Amino acid sequence: MKVLATYNIKGGVGKTATAVNLAHVAATHGNRVLVWDLDPQGAATFYFRVKPKVKGGGKAIVRGSLELGDAIKATDFDNLDLVPADFSYRHLDLWLDDAKKPLVRIRRALRQVSEEYDYVFLDCPPSISLTSYQPFLRRCRCAPTNSLIVSSKKTPTWFANSRFLGFSRWLIAINGCIGGS
Amino acid sequence: VSKVRRYEVTAAGDFASVLAVLTDHLGLRLLSLDEGQRSWLDTPTGTLERAKTTLEFRLPSGEGTPSLTWAAEGRVLVYDPCVSSTPPVQSSDLPDSAAFLRLATLVDGGELVAGPTVNSQIAVLACLDDEEKTTARIIFDRSETLDGIALPMMIEVLPLRGYEDEASALEKKLKRSVAVSTSATPIRELAQQGASAGLAAGIENDGVALVPTMSAACAWRIVLQTLNDSMVQSFSGVLSGNDPEDLHAFRVAVRRIRTLLQDGDDVVDPESRDRFRHEYRWLGDVTTPTRDADVHLIEFPELAAMLPPERREELMSFNEVLVRHRSDCHTAMTAELRSMRRAEFGTAWLSFLADDDAWTGCGDLADEPVLRIVLRRIEKANWQLVKSGRKISKKSPAIALHELRKEGKRLRYLLECFGPLFDEKALATILRPLRDVQDVLGEFQDTEVQANALLELAGELEGAEDHSALMAIGGVIEQLGVRGADARASFPKTFGRFDDRKVQRAFGQLEPRKKKR
């Protein structure tokens with residue numbers, strides 16, 4: 001199972017559109033795909049018309065009292081499933097902070113469905129937090145992510161560009177290097 | 001993963017009326033409505049069935065492109081909406097995508113053969129929630145086999161993951177709105193059963209007995225129907241390959257049908273006759289290698305027993321070669337028997353037998369009394385056999401004896417197929433020596449074919465340096481040669497008994513004597 005995350009510190013740059021469309025393409029090619037909407041705004045959930053509601057909330061998944069598999073909802077597309085977000089995800093950072101070993105929680109949850117899917121797309125919220133921090137730890141053993149896609153607008157504003165460069169420097173600092181452009 | 005639930009529609013009404021209930025009364029949204037031919041593919045050994053998956057090739061009847069769907073328990077694993085117009089026959093023909101690569105790995109380079117094939121009308125509907133999100137898919141299917149046997153209309157409810165409660169609610173509504181009964185049988189299995197039932201039912205001849213005064217066309221049809229029944233009875237056994245007798249019985253029926261078609265000029269519709277003669281010849285040919293391989297395996301222990309005990313052990317490795325060869329032949333044969341060609345030809349054949357119009361005024365002699373026609377054909381076949389048999393000498397090539405055997409078969413099958421029309425005593429007088437001649441010619445041909453095949457297969461022995469095994473096979477081939485020579489040596493005497501005045505006179509006595517009052 002390969003895990004890909006879409007992230008940008010800035011909102012509205014196309015993270016969700018990228019994740020959802022890549023997931024759809026992967027599914028139509030016969031891959032078993034899961035999209036995990038980690039953003040409390042629930043844009044990916046909205047894309048698939050799934051109700052933004054998780055039984056027991058994201059808290060249960062983080063704590064391990066709810067199996068990730070039980071939170072999965074099939075979309076209207078074959079081979080493409082979704083873990084919806086709900087508004088309670090805004091507290092995800094707090095729950096992670098409360099939990100032991102917060103940096104491995106997402107990976108641990110994903111491990112439960114590793115046999116069921118070929119690709120998992122994490123649609124991250126636009127912030128630097130415990131939630132979005134996990135996909136970045138490429139060189140760390142606890143990182144769940146194989147690839148990271150940082151999307152930005154085609155014609156970024158000066159501010160977006162400077163934030164992006166700053167963020168890239170930070171990534172290099174925590175990982176030592178970063179590939180691609 | 002949610003499992004599919006199946007319902008058989010027991011309500012009266014056609015496809016359109018039930019579909020109207022689903023859309024109008026239950027509020028399901030119609031996603032697609034297709035009509036076309038569906039075939040389920042699998043390896044000859046049933047790999048996909050064992051893995052509880054199905055591979056469906058769909059050929060739309062109107063516009064549109066053929067599609068290929070690999071599914072497990074109603075859940076589509078992969079769907080390619082645009083594939084070649086012919087079903088894939090091996091794993092390398094599968095589309096080049098991740099899931100189909102998984103399928104190719106499962107098939108492991110093996111062949112894919114078409115299993116049951118049906119003509120279907122399929123409606124795919126969606127149950128939507130208030131957000132217009134699909135919570136369950138419904139497949140409504142009306143199919144009939146290529147033999148025209150209608151399968152029960154089926155409704156499959158596929159709950160989407162995470163929406164099991166919604167699907168259960170839908171099922172309750174469905175049961176209230178449409179008369180349905182729960183079914184555990186997927187449509188593929190129903191199609192398989194339907195196809196078998198169609199074959200097994202064949203065309204009933206209503207127990208009509210042959211009568212000398214009935215029209216030739218009518219009698220030909222009855223005999224062909226009976227032969228069709230016996231062919232069908234052995235068909236499933238031929239596919240399973242467990243009992244060689246099934247294949248033998250199947251081939252005998254095929255050969256008899258061929259004989260009847262061959263001798264059916266001016267009785268059977270010429271166009272159909274030509275077509276089916278060609279197809280039955282093909283059917284005979286595709287079964288020949290497996291039958292030959294069966295004979296090798298059946299007779300090999302007996303032949304090996306003729307060798308000194310110390311040499312029998314050396315043949316063990318060769319026996320494995322024979323088993324493997326038989327398995328290969330059976331796999332190839334099964335693929336042909338499950339092919340689209342056989343399915344189409346089988347359907348056309350059954351339609352031909354069932355079609356009254358095809359048997360009315362179909363030839364100049366069709367309305368003539370059957371006895372007169374059959375006696376004329378038997379007389380001709382006998383004369384040909386006697387003429388050819390008398391020409392056989394010690395110097396005649398083997399091919400001449402093989403041809404003679406075919407002529408003997410033709411005569412024998414005509415006598416046996418129309419046996420009830422003839423005088424019993426005269427028939428017995430002819431058949432006894434004729435069968436002896438056939439046995440001798442059969443022994444001669446079989447030993448020759450077997451010897452050649454064993455020689456060829458000996459090359460497949462692993463480690464050609466295994467001279468002891470090769471020597472032992474040489475011993476077996478030698479035994480076959482002796483048997484063949486014995487058969488040939490006994491031919492003149494055996495044929496003489498058939499070409500005897502008493503037997504030949506019996507041909508003139510085949511017409512049953514009228515009972516004195």
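Quick caveat: nothing in here was measured; it's all calculated off a predicted structure. All chains are named by letter (A, B, ...) in the order of the sequence lines, taking the proteins before the strands, and each is independently numbered beginning at 1. Because only heavy atoms are used, hydrogens play no part in the values below, and waters and symmetry mates are left out as well, while side chains stay in.
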Answer with side chain, backbone, both or neither: which region of A:Asp70 has an atom nearer than 4.5 Å to a non-hydrogen atom of chain B? neither
Interchain contact, A:Phe77 with chain B, by part (heavy-atom threshold 4.5 Å): backbone
Within a 6.0 Å radius of atom NZ on A:Lys51, are there more than 12 heavy atoms belonging to other residues, nucleotides or ligands? yes
Carboxylate-amine/guanidinium proximity below 4.0 Å for B:Arg137 and B:Glu156: no
Under 4.5 Å from a heavy atom of chain B, the part of A:Asp76 involved: both
Is it true that A:Asp37 and A:Lys73 make a salt bridge, defined as a side-chain N closer than 4.0 Å to a carboxylate O? no
Would you call B:Lys173 and B:Glu171 a salt bridge, using N to O less than 4.0 angstrom? no
